[in-house]
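Comments concern the structure below.
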Amino acid sequence: MSSDEKQVAPRSLAEALRAKDDGSLAALLRARPDLITPVPTDLTQLATRAGTRASVIRALERLDRFTLQTAEALAVAPEPADRETLLALLAGDENDPAVVGAFPHALTALREQALVWGPDDRLRLVRTARELLAPSPQHPSPTGLGPTVAEATSGMSPGRIQEILTAAGLPTTHDAVSAVASLTALFTDRARMADLLAAAPPDSLDVLSRLVWGPPYGQVTADPASRLRWLLDRGLLLPTAPGTVVLPREVALHLRAGRAHRDTAPLPPAVEPAATHRPQVVDTTAAGQAYTSLATIEELLKDWDEGGPTVLRAGGLSVRDLKRTAAALDLSEPVAAFWVELAYAAGLLASDGEADERYAATPAYDEWLELPAAGRWTRLATAWLSATRTAGVIGGRDTKERTLSALGPGLDRSAAPEVRHRVLTLLAALPEGASASPDSLVARLHWERALRGAASSDDLRARLARWTLSEAESLGITGRGALSAHGRALIGAQPSAAASETGTETDSGPGDKLPVHHHRHHPAPPPQPRSPAELASAAARAGKLLAPLLPEPLDHVLLQADLTAVAPGPLQRPLADTLDVLADVESKGGATVYRFTPGSVRRALDAGRSASDLHAFLSEHSRTPVPQPLTYLIDDVARRHGHLRIGSASAYVRCDDDALLNEIIADKRSQGLRLRRLAPTVLAAQADPATLLEGLRSMGFAPAAESAEGDVLITRAHAHRTPPRTAPEPVPDGPPPPDTTLLGAAIRAIRAGDLASTTPHKPTAAAPGRNGTLPRTTSAETLATMQAAVLTGDTLWIGYVNAEGSASQRVIAPIKVEGGFVTAYDHTADEVRTYPLHRVTGVAELADEQA
């Protein structure tokens, strides 16, 4: 680098940012969106915000493993470090070609995120990042390295340092600083260090080998053994506290052959295929699961149609209600909890807000039911992709040791949408029809976000990844573990270039070999938010691919003589709704079996159907003749239905047949109803009408409820709905990445603010220098300078106080001055504005070279 280039090298992060073009600033703000919330006033403020602890930690957490290792290596390198020194710490003496190939991309990523700044011969890590990653006794470095010789000897007596020099075969010096420099030069000279260690006793080398990869600290007694004494005398171990010694960083690096890390990971681990299937098999399997998911949601909300479980005082479902729901759906409790949470995330169920608060279906559920099957599925799938509520944590405990319940608080995990999308994207990169090994998938995710947790099954991202695989299979996004065509469309992925052959008749298992592609170092970019239009377009494409694979709804059933009906497939909505009222579901599967009972027929009559309506309905929708036993059952129940009438007195029973009333009173089972005769055709009861209805039905009678006017009350199914509710909003993982429009406006504002804060101006008697203060001039001077600038077209620096009393400095080009106002092009806001002159604190001309 020439002397001229060295003179223009940035002296701070702010200067380094000032030298970036708009594209580089846009990349920085897109990668670290917290820096733009709110928009900084200038580049100095942007640099300050980029160096805050919270922002640096967030940026480090989003680095892949090798880029993070590059930052860790720079944290243990001399400051400033040159590019070759940093590369040597990563590649070692053997100059690992994989590391050499990946290094430029990692360093560029650190520069783009403003974690590293400076030219290649003076690389600097942002101070906060260095404090976080550099070794210290309180916070050991991931590299396992200890302090440098200079740091470890900072409290050592000059005489002791001279003794170390003598024992190491070095000439003594006149001061401690030069002595430390001499010892450091020895430890960093590979040839001289090799000669020194060649004379070491084998036991001493064993001690070094135990400390070389960390932790670098060890314990010694007041009278160290000879093997330790040899090392202490020559400074190969240095005391840091009574009874504690440390291996100096320079010594460790020599023993490590120059490597800062024991294992570097320049390449992302490959996602290993577990098995491969024909794409048609995957798509049909996924479509079957997609249809099952719709049926499961319908069954759940049908079970809660009349008012579901009560809401706990702290919010959510009780354990008992979750168990009951799981039993009703014939699922395990964790799986039932997933479907409950998915319905809630899609806005299909919520609490009703009544005094006795319960969960129930929302009005949106009725709208959802009217959609085609593919449309209903895309509604569920898109809600799952973006939801931060995570069913997998249900049953665990929060930070206050409270149990996490379904539909309760504390279930949001902001990383869930990003992990789900990334898992599906990695599946999309495999050959079509290939499923992924969960362990290799988790390893890849850990490499991409190395600071987010340990690579263990307890890591949240690892658990989210495994839950994603299971939930995507249940939803029908994947089939047999492989991403389906409609799942690929849902996330906006293109068909895999490594598509498998589709003519194979048999699926292959884990033992079959698939091509595994090892890519160069390209860490996953942060997920870019898709606009609502893009999401809707992707969902529409997914639905269009799924629709032909779903079974067509049928308009008929098969009636059988044993009072059952078989639905050989999904039924059309009106037929399914009516049959659900008229019969009870006995079994499910490829075909659904319904059973007709006196209770189910009475339920249909209570809903306002007559016997003739039921006969006509069955004749119209049965592919087989209506069996005679079913006809008799309907007629028999209809003949007795409504013969008894029940209303509220507390409750009463009336019937034109007094003999029937005598029979009821004589029956011992009616004693609990506490009936008494008021008239030959009327009985009064102490029980409420609902209890009286249920009691008489349990005795074998078929009463009907009536209104105060004496009309028969029709009991309609699916009556209870919550007020209109909105689906829960996802909890974002920090500010969302800004869109292009916001980025452009923010960069213009930052540039303009930086111009206002850094542009030199001509000193005046009233404003001899800026020193961070606003210019001060009299009203007459301000007016005269403004009017002159209108004529000459000059640009001015002004101080301005707004109506709220907030002061700011601006760079303006006056256009017009009249009526106590100045109209000017404001470089700070990048637009034409009008300012009251009485709010201008002062004005100064810009220096000639900046005007």
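The chain is numbered in sequence order, starting from 1. Because only heavy atoms are used, hydrogens play no part in the values below, and waters and symmetry mates are left out as well, while side chains stay in.
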**OP:** Let me see the working for D42 and R18 under salt bridge (Lys or Arg N to Asp or Glu O under 4.0 Å), right down to the final yes or no.
**Re:** CA-CA 10 Å; D42 54 34; R18 201 163 283 126; over 6 Å; no
Original post:
Would you say the side chains of D34 and T37 form a donor-acceptor pair under 3.5 Å?
Top reply: no
Original post:
With distance as the sole criterion, is a donor-acceptor pair present between the side chains of S55 and R49 under 3.5 Å?
Top reply: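 No - no donor-acceptor pair under 3.5 Å links their side chains.
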So, [X] side chain and [Y] main chain: donor-acceptor pair closer than 3.5 Å or not?
| X | Y | result |
| --- | --- | --- |
| T778 | E781 | yes |
| S141 | T143 | yes |
| R389 | A345 | no |
| T48 | T44 | yes |
| R420 | A387 | yes |
| Q787 | V817 | no |

May I ask you to test the [X]-[Y] pair for a side-chain heavy-atom distance under 4.5 Å?
| X | Y | result |
| --- | --- | --- |
| P10 | R122 | no |
| R127 | L13 | no |
| I750 | V39 | yes |
| L86 | L123 | yes |
| V419 | R413 | no |
| R32 | Q113 | yes |
| V56 | E131 | no |
| K816 | V790 | no |

**OP:** Have a look at L74 and tell me which of L110, L107, V116 forms a side-chain contact (heavy atoms from CB on, under 4.5 Å) with it.
**Re:**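 The passing option is V116.
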Contact summary for [X] and [Y], nearest pair of heavy atoms:
| X | Y | answer |
| --- | --- | --- |
| P730 | T388 | CA-OG1, 3.4 Å |
| L132 | I57 | CD1-CG1, 3.7 Å |
| A77 | L89 | CB-CD1, 3.6 Å |
| V126 | A114 | CG2-O, 3.0 Å |
| A350 | T722 | O-CG2, 3.5 Å |
| L445 | R422 | CD2-CG, 3.6 Å |

**OP:** Kindly indicate, with the supporting measurements, whether the criterion side-chain contact (heavy atoms from CB on, under 4.5 Å) is fulfilled by L464 and V423.
**Re:** CA-CA 9 Å; L464 286 172; V423 167; over 6 Å; no
**OP:** For side-chain contact (heavy atoms from CB on, under 4.5 Å), just list the numbers for T128 and T52, CA-CA rounded to whole Å, side-chain angles, deciding distance to a tenth of an Å, and then say yes or no.
**Re:** CA-CA 7 Å; T128 308; T52 59; over 6 Å; no
**OP:** Quick one: pull up CG in L17 and NZ in K20 and give me the separation to the nearest 0.5 Å.
**Re:** 6.5 Å
**OP:** Could you go through the side-chain contact (heavy atoms from CB on, under 4.5 Å) check for I812 and Y800 one step at a time?
**Re:** CA-CA 11 Å; I812 66 171; Y800 181 74; over 6 Å; no
**OP:** Let me see the working for T70 and H105 under side-chain contact (heavy atoms from CB on, under 4.5 Å), right down to the final yes or no.
**Re:** CA-CA 10 Å; T70 303; H105 187 94; over 6 Å; no
Subject >> Sidechain N-carboxylate O distance under 4.0 Å for R461, E418 >> reply: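 Yes, charged N to carboxylate O under 4.0 Å.
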Original post:
Do other residues, nucleotides or ligands put more than 12 heavy atoms under 6.0 Å from the CZ atom of R833?
Top reply: yes
